[in-house]
**Student:** 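Here you go, one structure.
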Amino acid sequence: MKWRSDAGILFFILLAHLGILWRYGTAIPAPMPPEEYSFTDLSRNIISGGGIVARVPTELFPFPGVPQPFYVPVITYAAALGLWGAFRGFDLPTLRELSRWLSALDLLLLYWLALRWGIPRPLSWMAVAWTALDVVYQLTGNIVRSDRFCLTWALLGVLAFTEGWERKRGSIWWVVSGVCMALSLFAHAWLAAFLTAWLTFLLLLRYPRALPYFLAPIGLAVSMWGFYALRHTEQSLLISRLVIQDKTALSPFALLILGLGVSTLGQVLGAYPSNSPIWLAPLIAFTWAWGRGHLGWPGWRVGLIWIAYLTGYLNRHPWYAGWFTPFGYLAVAGLLAALWSSRAAKDDRFLRGALLLVSGVWMAYQVLPVWRNFEAAPRIQAAHQAFFEELARDLPPNASVWLFSVPDPSFHLARVRPDLTIYIGTGYFAFPYPWFWDRIDMMVFTASWVLPKGVLPPYRTEREWQMPAVLIEYSVMATRPIR
């Protein structure tokens with residue numbers, strides 16, 4: 001009967017999680033540039049046989065209608081998104097559904113991994129429930145980005161690696177793990193690269209004969225992508241340089257703050273209340289318990305948790321923190337399992353009761369920010385829709401429009417204003433073409449975003465909207481360059 005009990009509890013958690021994400025809709029988070037519209041264009045081109053190209057012009061490639069090779073390695077996610085869009089449609093609400101279902105699948109994989117790592121069933125349920133209620137995890141599960149698809153294959157890769165490592169089974173598990181990590185690596189190279197390197201290092205130390213089986217699918221994928229990228233070396237190197245600069249251009253103080261795990265404390269993106277803990281505290285306690293021999297886990301698992309944490313938090317993007325969340329609660333569940341089974345807890349009912357009370361209080365705390373987001377979603381959605389409709393009505397005919405606002409009106413404008421030429425703001429602002437602004441008639445952007453000085457040309461404001469979020473209101477402006 002255990003499997004029925006497990007199925008019932010998991011079904012309830014997954015149903016609640018999916019219900020929350022469907023309630024958020026396209027309001028929380030707001031449609032975000034440039035990934036959602038750019039990935040949609042890329043996936044549509046792939047599934048239609050047009051190749052790994054994007055046709056949406058940007059500051060980096062400002063040539064409308066000209067297919068530009070897409071050098072950010074998200075090919076596995078883009079192909080899956082294209083397949084989903086071919087059946088469900090390429091509008092934003094239906095494309096976000098793929099991330100929601102992957103989010104539920106990742107919760108199931110987390111439960112499976114927790115059991116496989118020896119965590120008792122009740123604490124495995126708690127880890128899944130905590131993750132499902134985490135706002136940062138929810139937001140990454142409700143956006144058209146490759147993070148969640150990357151996490152799915154990473155969890156599968158770690159599960160297969162566990163089978164190969166701890167049961168000393170045949171080479172098939174190393175091959176399966178390598179295939180999963182290759183798929184994860186080419187959904188989001190930054191997130192999966194360090195985890196893949198860690199697993200490779202472990203095999204080199206203990207099972208060097210297994211390395212060819214693990215690395216063969218990864219090497220094949222890397223070789224194929226390298227062959228594609230080398231076809232246009234200059235453009236490929238430009239994109240690679242910009243992406244690396246974006247990930248690494250942080251001061252030592254900023255790295256310290258990010259490493260402490262406070263970037264998602266109380267808020268996400270400054271707009272939505274968050275309920276993520278300061279992860280450094282439970283991870284230090286978790287590592288201390290392992291070092292004292294209380295945890296009973298092999299060291300490679302502890303190293304994997306820390307690699308995932310540093311990958312998720314040592315950067316400026318909160319989406320990556322949501323990628324780490326399942327690993328974080330897996331560590332917390334392991335720590336609680338060690339405390340629960342300790343000699344002190346067995347002899348002291350008060351201690352066990354305190355552990356249950358703390359777990360319940362934390363879940364109750366998690367519900368409060370979720371409810372604030374849940375309640376605000378329809379109001380925010382209505383404001384976004386009004387902005388989209390008014391902007392579509394106000395833009396002049398046949399205009400060239402640069403869009404870098406939250407919410408991103410690209411989907412709506414592409415549908416109702418086909419006469420417009422839409423340029424998507426990337427946030428990199430490299431501007432290899434100095435004449436770019438000469439061809440722009442209107443600029444729509446979020447006023448509070450910090451843009452590098454001198455990036456935008458002189459402009460006059462034509463219209464301004466106040467956009468609501470859960471924690472703040474902010475301004476979005478439609479402006480016209482002054483020539």
**Student:** Near Met363 CE, under 6.0 Å, is it more than 12 heavy atoms from other residues, nucleotides or ligands?
**Tutor:**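 Above 12, so yes.
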**Student:** Mark yes or no for whether Arg23, through its side chain, and Ala377, through its backbone, hold a donor-acceptor pair below 3.5 Å.
**Tutor:**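 It does not hold such a pair.
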**Student:** Donor-acceptor check, side chain of Ser274 to backbone of Val268, threshold 3.5 angstrom: yes or no?
**Tutor:**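 Side chain of Ser274 to backbone of Val268: no pair is present.
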**Student:** If you look only at distance, which donor and acceptor atoms sit under 3.5 Å apart when one is on a side chain in residues 11-22 and the other is two or more places apart or in another chain?
**Tutor:**
{"unit_1": "His17", "atom_1": "ND1", "unit_2": "Ala132", "atom_2": "O", "d": "3.0"}
{"unit_1": "His17", "atom_1": "NE2", "unit_2": "Ser103", "atom_2": "OG", "d": "2.7"}

**Student:** Please enumerate all residues that pass side chain to side chain donor-acceptor pair (under 3.5 Å) together with Trp117, with sequence neighbours excluded.
**Tutor:**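 Residues passing side chain to side chain donor-acceptor pair (under 3.5 Å) with Trp117: Thr162.
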**Student:** Can you name the closest pair of heavy atoms from Ala187 and Tyr77 and give their distance?
**Tutor:**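 In terms of heavy atoms, the two residues are closest at CB-CB, 4.2 Å.
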**Student:** List in chain and number order the residues that pass ring pair (Phe, Tyr, Trp, His ring centres under 6.0 Å) with Phe374, two or more places apart in sequence or in another chain; answer none if no residue qualifies.
**Tutor:**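 Trp371.
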**Student:** Going from CG on Leu108 to CG on Leu155, what distance comes out if it is rounded to the nearest 0.5 angstrom?
**Tutor:**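 Rounded to the nearest 0.5 Å, the CG-CG separation comes to 11.0 Å.
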**Student:** How about Asp106 and Thr152: does a side-chain donor come under 3.5 Å of a side-chain acceptor?
**Tutor:**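 A donor-acceptor contact under 3.5 Å links the two side chains.
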**Student:** Between the side chain of Ser146 and the main-chain N/O of Phe149, is any donor-acceptor distance below 3.5 Å?
**Tutor:**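 Not confirmed, Ser146 side chain does not pair with Phe149 backbone.
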**Student:** Is the count of non-hydrogen atoms from other residues, nucleotides or ligands lying under 6.0 Å from Phe63 atom CZ greater than 12?
**Tutor:**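 Counting neighbours around CZ of Phe63, more than 12 heavy atoms of other residues, nucleotides or ligands fall under 6.0 Å, so yes.
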**Student:** Which residues pass the side chain to side chain donor-acceptor pair (under 3.5 Å) test with Asp408, sequence neighbours left out?
**Tutor:**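 Partners of Asp408 by the side chain to side chain donor-acceptor pair (under 3.5 Å) criterion, ordered by chain and then number, come out as Ser410.
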**Student:** Are Gln138 and Tyr24 close enough that a side-chain donor and a side-chain acceptor fall under 3.5 Å?
**Tutor:**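 Yes, Tyr24 and Gln138 have a side-chain donor paired with an acceptor closer than 3.5 Å.
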**Student:** List the atom of Pro217, the atom of Val179, and the distance in Å for their closest heavy-atom pair.
**Tutor:**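 Of all heavy-atom pairs spanning Pro217 and Val179, the closest is CG-N, 3.5 Å.
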**Student:** Could you list the residues that satisfy salt bridge (charged side-chain N to carboxylate O under 4.0 Å, His left out) with Arg301, not counting sequence neighbours?
**Tutor:**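 Only Glu166 meet the salt bridge (charged side-chain N to carboxylate O under 4.0 Å, His left out) criterion with Arg301.
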**Student:** Treating Ser124 as the side-chain partner and Tyr111 as the backbone partner, does any N or O pair qualify as donor plus acceptor under 3.5 Å?
**Tutor:**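 No; judged by distance alone, with no hydrogens or angles, the pair does not exist.
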**Student:** Would you check, one step at a time, whether the test ring-ring contact (aromatic ring centres under 6.0 Å, His included) holds for Tyr320 with His188?
**Tutor:** CA-CA 10 Å; Tyr320 299 177; His188 199 303; 5.0 Å; yes
**Student:** To the nearest 0.5 angstrom, please state how far the OH atom of Tyr423 sits from the CD atom of Glu59.
**Tutor:**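 Output value for this atom pair is 11.0 Å.
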**Student:** List for me each residue that meets ring pair (Phe, Tyr, Trp, His ring centres under 6.0 Å) alongside Trp288, sequence neighbours excluded, and say none if there are none.
**Tutor:**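 Scan of Trp288 (ring pair (Phe, Tyr, Trp, His ring centres under 6.0 Å), adjacent residues dropped) gives His294.
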**Student:** If you measure only the distance, is there a donor-acceptor pair under 3.5 Å linking the side chains of Ser99 and Arg148?
**Tutor:**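 No, no side-chain donor-acceptor pair sits under 3.5 Å.
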**Student:** Would you say Phe186 and Val74 make side-chain contact, with heavy atoms under 4.5 Å?
**Tutor:**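 SC-SC contact between Phe186 and Val74 ruled out.
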**Student:** Just verifying a value: how many Å separate Phe90 CZ and Leu95 CG, rounded to the nearest 0.5 Å?
**Tutor:**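 Between atom CZ of Phe90 and atom CG of Leu95 there are 7.0 Å.
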**Student:** Quick check: are there more than 12 heavy atoms from other residues, nucleotides or ligands sitting under 6.0 Å from CH2 of Trp130?
**Tutor:**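 Yes, the 6.0 Å shell around CH2 holds more than 12 heavy atoms from other groups.
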**Student:** Nearest heavy-atom pair of Pro298 and Trp290: which atoms, and what distance?
**Tutor:**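 Heavy-atom minimum between the residues: C-NE1, 3.9 Å.
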**Student:** Is the closest side-chain heavy-atom distance between Leu185 and Trp190 below 4.5 Å?
**Tutor:**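 Counting from C-beta outward, Leu185 and Trp190 never come under 4.5 Å.
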**Student:** List the atom of Ile28, the atom of Asn373, and the distance in Å for their closest heavy-atom pair.
**Tutor:**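 Nearest pair, atom of Ile28 first, then Asn373: CD1-O, 3.2 Å.
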**Student:** Any side-chain to backbone donor/acceptor pair from Ser184 onto Cys180? Under 3.5 Å, distance only.
**Tutor:**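 No: the side chain of Ser184 does not pair with the backbone of Cys180.
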**Student:** Going by the rule side chain to side chain donor-acceptor pair (under 3.5 Å), which residues pair with Arg372 if we only count those two or more places apart in sequence or in a different chain?
**Tutor:**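 Here no residue qualifies.
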**Student:** List in chain and number order the residues that pass side chain to side chain contact (heavy atoms under 4.5 Å, CB included) with Val53, two or more places apart in sequence or in another chain; answer none if no residue qualifies.
**Tutor:**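 Listed in chain order: Asn45, Pro67.
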**Student:** Partners of Tyr309 by ring pair (Phe, Tyr, Trp, His ring centres under 6.0 Å), sequence neighbours excluded?
**Tutor:**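 Here the qualifying residues are Trp306, Tyr313, Phe324.
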**Student:** Can you find a heavy atom in the side chain of Trp319 that is under 4.5 Å from one in the side chain of Ile143?
**Tutor:**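 Side chain of Trp319 against side chain of Ile143, heavy atoms only: contact under 4.5 Å found.
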**Student:** For a quick test of reading the model, state the closest non-hydrogen atom pair linking Leu133 to Val370 and the distance between them.
**Tutor:**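 Smallest heavy-atom distance, with atoms named: O-CG2, 3.3 Å.
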**Student:** Restricting to side chain to side chain contact (heavy atoms under 4.5 Å, CB included), what partner residues turn up for Thr131, sequence neighbours left out?
**Tutor:**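 Once residues adjacent in sequence are excluded, the partners of Thr131 under the side chain to side chain contact (heavy atoms under 4.5 Å, CB included) criterion are Leu107, Leu110, Tyr137, Thr325, Pro326, Tyr329.
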**Student:** For the backbone of Ala160 and the side chain of Ser177, can you confirm whether one donor and one acceptor N or O come within less than 3.5 Å of each other?
**Tutor:**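 Checking the backbone N and O of Ala160 against the side chain of Ser177, no donor-acceptor pair under 3.5 Å is found.
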**Student:** Any chance CZ of Phe411 has more than 12 other-residue heavy atoms, nucleotides or ligands included, within less than 6.0 Å?
**Tutor:**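 Check passes, neighbour count above 12.
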**Student:** Please answer whether the main-chain N or O of Asp91 pairs with a side-chain N or O of Thr94 as donor and acceptor at a distance below 3.5 Å.
**Tutor:**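 It does hold such a pair.
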**Student:** For Pro273 and Val470, which heavy atoms make the closest approach, and how far apart are they?
**Tutor:**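 Closest approach of Pro273 to Val470: CD-CG1, 3.4 Å.
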**Student:** Does Glu36 use its side chain to pair, donor to acceptor, with the backbone of Val144 at less than 3.5 Å?
**Tutor:**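 Yes: the side chain of Glu36 pairs with the backbone of Val144.
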**Student:** Tell me whether Glu97 is salt-bridged to Arg88, with the criterion being a basic N under 4.0 Å from an acidic carboxylate O.
**Tutor:**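 Looking at Glu97 and Arg88, the cut-off is met.
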**Student:** Is atom CH2 of Trp101 surrounded by more than 12 heavy atoms (other residues, nucleotides or ligands) closer than 6.0 Å?
**Tutor:**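 No, because the 6.0 Å sphere around CH2 of Trp101 holds 12 heavy atoms or fewer from other groups.
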**Student:** Report the residues that fulfil ring pair (Phe, Tyr, Trp, His ring centres under 6.0 Å) with Phe161, sequence neighbours left out, ordered by chain and then residue number.
**Tutor:**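 For Phe161, the residues satisfying ring pair (Phe, Tyr, Trp, His ring centres under 6.0 Å) (neighbours in sequence not counted) are Trp165, Trp174, Trp300.
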**Student:** Got a sec, which residues hit side chain to side chain donor-acceptor pair (under 3.5 Å) with Ser276, two or more places apart in sequence or on another chain?
**Tutor:**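 Partners of Ser276 by the side chain to side chain donor-acceptor pair (under 3.5 Å) criterion, ordered by chain and then number, come out as Asp134.
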**Student:** Determine whether a donor-acceptor pair (N or O, by modelled atom type, separation under 3.5 Å) exists between the side chain of Arg100 and the backbone of Asn142.
**Tutor:**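 Checking the backbone N and O of Asn142 against the side chain of Arg100, no donor-acceptor pair under 3.5 Å is found.
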